Amino acid sequence: MVMPAREKFSRGSEAYCCCLLLLFAYDSPPSRRSREEAQYNSEFTQFPQHFQVPTVRILGIESSCDETGVALFDTESRQLSHRLFSQVEMHAAYGGVVPELASRDHIKRILPLLDEVFAESNCSLKNVEAIAVTQGPGLGGALLVGTSVAAALGAALAIPVIGIHHLEGHLLSPLLADPAPAFPFIALLVSGGHTQLMAVERVGDYRLLGETLDDAAGEAFDKTAALLGLGYPGGPALATLAATGKPDAYRLPRPMLHSGDLDFSFSGLKTAVLTLTNKLKLAGDSSFESARADVAAAFEAAIVDVLTAKCLAALAQTGMERLVVAGGVGANKRLREQLTAAAQNRGCKVFYPPINLCTDNGAMIAFAGAMRLTNGVAVSAFSDGAFSVKPRWPLAEISSR
Ligand code: KG4
Ligand code: ZN
């Protein structure tokens, strides 16, 4: 499967050869010793002083789920080159991500993407000073592709490789926007797998304020989209359909709106949509067809109302004045408009990552790595070509609190 990539990239580069060897070895189980080493080698450590330089050209690699992302970020010029390959079309046929297909596709895409990034940035591997790679959370096999390539490149180039928490990538990504928020801020993380409110004091200092007790916001969008007969992933398709509907045509519940805490719950909302769509279907196919846009709009309004109210409550509770929104659902137009207006009314400001960096990407991983390195914050460091993945990795573990 990796032969075409090898033919294309056989240019005598020691680093690329190293990557390919690791990709070939990907299916073989690690020896006990190497597993122990990998555990040990990826502990949080402080890099030696000479790595904490203000200028770092850092390579970022993301392969935790169904997007292969590669980026090169220069902390001094803030120049960013990045490339992304989304596997959405491949997984759409199955109605969700198929982990084994995801890993195999990452293997196919990652080296060509690296090549494209270097071509765009007019840099070569020799110019890279550090590598940041998503170490978790995510799909184990998918994470192994990015981490093995990063570890191989790091060993071949004798440069540091650090493992980045995927959610840290998302929550720092609004700092790539112009204007960027100053610390401290509240971060709303709304992705396919997570819905969390965090207080961010500085890089590496994250405090969980609240999270979903069941479905994530993106998951609720995807499941509701499936009920409405839309494809996978459903969020963007549902938002498009909702734009043509009337949000007040149906009144759907706003779960936990008045719970008094900062937690969320979206599974009841999805069940309410299920009950409504079943009723509409019983009334005949044409009723369902003509009501779909209104149901989509009513669902979107309900979820956006809850997200907005909880964000305002988090700002009030902490006394902070800045809110950043990250993760795939952060691309939602209604959420952006409603949050921005509501926060402005309270004298607060909302920041979003550039729209193309809302979903998974390598740029946010390169950036999070750069922020940790340049701020001298402890990192999960790989060494001697050893690596490990952390498919389940609580964000609290990387916080200095
Ligand atoms: O952060 P992300 O790319 O991947 C994860 O780490 O999960 O988020 C993907 C999620 C999916 O559930 C997708 O349906 C949702 O973000 N999403 C949206 C929109 N664009 C992506 N949800 C609502 N409106 C959108 N415009
Ligand atoms: Zn994500």
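Numbering of ligands and ligand atoms starts at 1, following listing order. These figures come from a predicted structure and were not determined experimentally.
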Completion exercise
Closest non-hydrogen contact found for G154 with I131 is N-CD1, 3.7 Å

Completion exercise
Which of E62, H106, K108, R109 passes side chain to side chain donor-acceptor pair (under 3.5 Å) with T68? It is H106

Handout entry: Interfacing atoms of ligand 1 (cut-off 4.0 Å, heavy-atom, G192)
Key = 5 (C), 7 (O), 8 (O), 9 (C), 10 (C), 12 (O)

Exercise for the section: Could you name each residue pair satisfying side chain to side chain donor-acceptor pair (under 3.5 Å) that touches residues 184-200, not counting sequence neighbours? Expected result: Q196-E211

Problem - N/O separation below 3.5 Å, G328 to ligand 1 - result: yes

Exercise for the section: Go through the steps to decide whether T340 and Y352 satisfy the test side-chain hydrogen bond (donor to acceptor under 3.5 Å, both in side chains), and finish with yes or no. Expected result: CA-CA 10 Å; T340 303; Y352 302 91; 3.1 Å; yes

Problem - Note: D261-K310 ion pair, threshold 4.0 Å (strictly below) - result: yes

Practice task
Find all atoms of ligand 1 within a distance of less than 4.0 Å from any non-hydrogen atom belonging to G193, and give their numbers and elements.
Solution key: 7 (O)

Fill in the blank from the handout: Quick note on ligand 1: atoms under 4.0 Å from a heavy atom of G218 include exactly 12 (O)

Practice task
Please could you name the atoms of ligand 1 that T359 approaches to less than 4.0 Å, counting only its heavy atoms?
Solution key: 3 (O)

Handout entry: Within-shell test, H166 vs ligand 1, heavy atom, strictly < 4.0 Å
Key = yes

Exercise for the section: Quick one: look at H170 and ligand 1, take heavy-atom pairs under 4.0 Å, and tell me if it's side chain, backbone, both or neither. Expected result: side chain

Problem - L143 side, atom CG; Q135 side, atom CD - distance, nearest 0.5 Å - result: 8.5 Å

Handout entry: contact_flag E300 ligand 1 heavy-atom lt 4.0 Å
Key = no

Exercise for the section: Over 60° means perpendicular and under 30° means parallel, so classify the ring planes of W393 and H165, tilted if in between. Expected result: tilted

Exercise for the section: Select one of side chain, backbone, both or neither to describe which atoms of D222 lie under 4.0 Å from any atom of ligand 1, heavy atoms only. Expected result: side chain

Practice task
Among all protein heavy atoms, pick the one closest to atom 4 (O) of ligand 1 and tell me residue, atom and distance.
Solution key: D360 OD1, 3.4 Å

Handout entry: Considering all heavy atoms, the nearest D222-P233 contact
Key = OD1-C, 3.8 Å

Practice task
Please say whether P233 places an N or O atom under 3.5 Å from an N or O atom belonging to ligand 1.
Solution key: no

Practice task
Can you run down the salt bridge (charged side-chain N to carboxylate O under 4.0 Å, His left out) pairs that involve residues 185-197, sequence neighbours left out, and say none if there aren't any?
Solution key: none

Exercise for the section: If you have a sec, work out which protein heavy atom is nearest atom 24 (N) of ligand 1 and how many Å separate them, to one decimal? Expected result: N332 ND2, 3.0 Å

Exercise for the section: Verify side-chain hydrogen bond (donor to acceptor under 3.5 Å, both in side chains) between D214 and S265, making sure each step is shown before the conclusion. Expected result: CA-CA 6 Å; D214 40 55; S265 164; 2.6 Å; yes

Practice task
Check whether any N or O atom of A239, backbone or side chain, sits under 3.5 Å from an N or O atom of ligand 1, and answer yes or no.
Solution key: no

Handout entry: Contact summary for L262 and A313, nearest pair of heavy atoms
Key = CD2-CB, 3.6 Å

Handout entry: Listed partners of H170 passing ring pair (Phe, Tyr, Trp, His ring centres under 6.0 Å), at least two apart
Key = H166

Exercise for the section: Quick one: look up the protein heavy atom nearest atom 22 (N) of ligand 1 and list residue, atom name and how far away it is. Expected result: G235 CA, 3.5 Å

Problem - Of the listed options S191, A326, S64, closest to atom 5 (C) of ligand 1 (non-hydrogen atoms) - result: S191

Problem - Ring centroid separation F299 to Y250 under 6.0 Å - result: no

Practice task
Tell me the protein N, O or S atoms under 2.8 Å from the Zn ion (ligand 2), in chain and number order.
Solution key: H166 NE2, H170 NE2, D360 OD1

Practice task
Would you please determine whether P236 falls within less than 4.0 Å of ligand 1 on a heavy-atom basis?
Solution key: yes

Exercise for the section: Would you check, one step at a time, whether the test side-chain hydrogen bond (donor to acceptor under 3.5 Å, both in side chains) holds for E201 with Y206? Expected result: CA-CA 7 Å; E201 294 289 343; Y206 314 123; over 6 Å; no

